[in-house]
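Structure first, then comments.
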Protein chains: 2
Amino acid sequence: MRVLNPNISVDCVVFGYAESELKVLLIQRDASIANDRSLLSWSLPGDLIQDDEGLDDAAHRVLQELTTLDNVYLKQFGAFGDPARVKKPSDKIWLQKTRDYPEARVITVAYFALVNIMQFEPHPSNFAVDVQWLSFKDLSHDLAFDHEEIIQKGIEALRREIDVSPIVYNLLPPKFTLSQVQELYEVISGENYDKRNFRKKILAKDILKPLDEWQKGVSHKPAQLFELSE
Amino acid sequence: MRVLNPNISVDCVVFGYAESELKVLLIQRDASIANDRSLLSWSLPGDLIQDDEGLDDAAHRVLQELTTLDNVYLKQFGAFGDPARVKKPSDKIWLQKTRDYPEARVITVAYFALVNIMQFEPHPSNFAVDVQWLSFKDLSHDLAFDHEEIIQKGIEALRREIDVSPIVYNLLPPKFTLSQVQELYEVISGENYDKRNFRKKILAKDILKPLDEWQKGVSHKPAQLFELSE
DNA sequence: CCAAAAGTGTTATCCGTACACCCATGC
DNA sequence: GCATGGGTGTACGGATAACACTTTTGG
């Protein structure tokens with residue numbers, strides 16, 4: 001297929017939440033073309049934009065191929081196009097193997113996505129030989145291209161967003177406890193909140209519905225479960 | 001000059017402030033190539049990105065060419081790439097006249113800029129036959145491409161920013177009155193503020209320095225002038 | 001003297017924060 | 001019965017919001 005915009009891509013910073021940690025979904029590019037292990041650095045899922053495709057559509061497509069999920073929360077948070085973003089030798093090699101114009105700098109439009117980590121099983125796809133949830137707090141420092149910077153900007157965008165919009169519930173299962181919500185807010189913001197004040201504030205928003213269900217199998221007082229209203 | 005990214009541009013929403021109104025700097029594309037008046041719709045200043053140029057650099061360059069100003073406050077606020085963004089016949093003609101790949105959709109990275117409107121005189125340049133400050137509140141509805149949407153998104157980004165960062169002073173002359181500051185905040189946000197509370201809040205930020213100078217030639221009590229500290 | 005905008009303080013209300021104890025469960 | 005996290009209310013302080021009159025100047 002002919003691509004008229006050979007050097008514009010989208011990349012998705014897919015956030016998940018498990019084991020009290022924020023996770024990022026990263027892939028390993030298919031290096032079989034090179035049989036070169038150095039190409040196996042982790043990178044963000046992304047793809048070139050197709051000619052007839054909007055930016056949001058491209059991001060949704062990437063996510064759909066990777067996770068089989070539709071209707072994922074996605075938000076554009078920036079475009080990255082530093083000419084120096086391709087500085088690692090392994091990145092250069094990879095571009096030469098896969099791109100029509102390897103010498104052209106690629107400009108990428110970045111999105112962050114929020115998914116409930118239980119909703120799918122990461123599996124290799126046609127553009128990724130390996131797919132894994134990596135813990136945000138100990139991400140390796142040799143991600144491909146400038147993906148480390150993009151992830152950093154992504155979490156900053158996420159932090160700005162959670163105060164103003166109830167998007168964090170995309171990271172939780174349909175039924176959750178208030179302590180889970182609090183812990184999630186704490187992990188994202190890096191701050192600790194007082195339990196009573198947090199519950200007061202979050203219930204005042206009037207978007208949570210208490211259920212007649214409680215945690216089971218925990219060796220302490222079971223917590224009540226909630227869901228998003230409507 | 002060969003451009004490896006023939007279809008990525010930057011566009012700048014340049015805001016200015018005069019006569020108690022927010023203004024946007026718009027240009028008219030050079031239509032001499034077509035002798036076609038329909039190409040004379042207003043559009044945002046912008047240009048294709050050069051191969052060796054970062055996105056921010058490209059935006060600064062566009063602004064520099066247009067205003068002769070360096071060091072302008074610039075902030076990226078979004079990328080736009082709807083395939084339907086080229087829907088007006090006049091836009092299509094213009095692309096055919098000026099682009100190597102007119103059939104390719106152009107993706108643009110948008111910036112907003114804040115300038116003191118007195119700092120330069122708009123003048124035609126090599127890419128604009130006319131340059132004018134147009135009042136934001138009565139912008140025409142047939143701007144080129146999706147520039148109307150971009151401007152709308154630009155002011156939303158500006159609104160988000162003014163609460164958190166003292167960037168509005170970029171729109172004012174070096175010396176200003178508190179009433180000017182208040183009016184500017186009101187124009188941008190669309191809200192009205194109480195005079196006493198506003199002054200209290202803004203002086204509490206401790207970034208304004210009162211001068212030993214007062215307004216002259218006004219037929220009422222002259223206001224004290226302030227400047228940004230440091 | 002009149003019009004027009006500058007300048008100034010106090011009070012009430014709301015919101016964020018700090019803080020400690022009892023409860024239900026599994027083992 | 002003990003360890004573990006669940007669940008609850010109140011009091012304080014700071015920030016925000018409401019509000020009206022006097023001052024200075026030009027015409």
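Any value given below was found using the heavy atoms of this structure, including those in side chains, with hydrogens, waters and symmetry copies removed. Everything numeric in this text was worked out from a predicted model, so none of it was measured. Chain A is the first sequence line, chain B the second, and so forth, proteins listed ahead of strands; every chain is numbered from 1.
Between B:D194 and A:N197, the one whose closest nucleotide on DNA chain D sits nearer the 5' end is A:N197. Where B:G217 and A:K200 each meet DNA chain D at their nearest nucleotide, the meeting point lying more 5' is that of A:K200. Taking for each of B:K195 and A:P222 the nucleotide of DNA chain C with the nearest heavy atom, the 5'-most of the two is the partner of B:K195.
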Practice task
Give the C-alpha distance, both sets of side-chain angles, the deciding distance and a yes or no for side chain to side chain contact (heavy atoms under 4.5 Å, CB included) between B:F15 and B:V24.
Solution key: CA-CA 5 Å; B:F15 288 111; B:V24 181; 3.9 Å; yes

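For the pair B:D163 CG and D:dT16 P, the computed distance is 11 Å after rounding to whole Å. The CD atom of A:Q224 sits 18 Å away from the P atom of C:dC23 (whole-angstrom rounding). Rounded to a whole Å, the NZ atom of A:K216 is 14 Å from the C1' atom of C:dT25. Taking atom CG on B:L178 and atom C1' on C:dA6, their separation rounds to 10 Å, with Å as the unit. Separating the CD atom of B:Q182 from the P atom of C:dA5 is a distance of 13 Å, rounded to the nearest angstrom. Note: CZ (B:F198) to P (D:dA15) measures 18 Å, nearest angstrom. With rounding to whole Å, B:F176 atom CZ is found 17 Å from C:dA6 atom C1'. Nucleotide C:dG16 holds its P atom 13 Å from the CD1 atom of A:I202, rounded to whole Å.
Remark: aromatic rings of A:Y185 and A:F198 are close, center separation under 6.0 Å.
The side-chain tip of A:K153 does not point at the ring of A:F80 from less than 6.0 angstrom away and within 45° of straight on.
Ranking D:dA18, C:dT8, D:dG7 by closeness to the A:W214 side chain, first place goes to D:dG7. Residue A:H220 has its side chain nearest to D:dG6 when only D:dG6, C:dA5, D:dG9 are considered.
Ion pairing of B:K175 with B:E227 is absent here, as no side-chain N (NZ or NE/NH1/NH2) approaches a carboxylate O to less than 4.0 Å. For the pair B:R159 and B:E161, the salt-bridge criterion is not met [side-chain N within less than 4.0 Å of a carboxylate O].
The side chain of B:R199 contributes an N or O atom lying less than 4.0 Å from OP1 or OP2 of C:dG7. Under 4.0 angstrom from either OP1 or OP2 of D:dT25 there lies no side-chain N or O belonging to B:S219.
Residue contacts for B:S179: at a heavy-atom cut-off of 4.0 Å it reaches the sugar-phosphate backbone alone, with no base atom in range.
Between the side chain of B:R196 and the base of D:dA20, a donor-acceptor pair under 3.5 Å is found.
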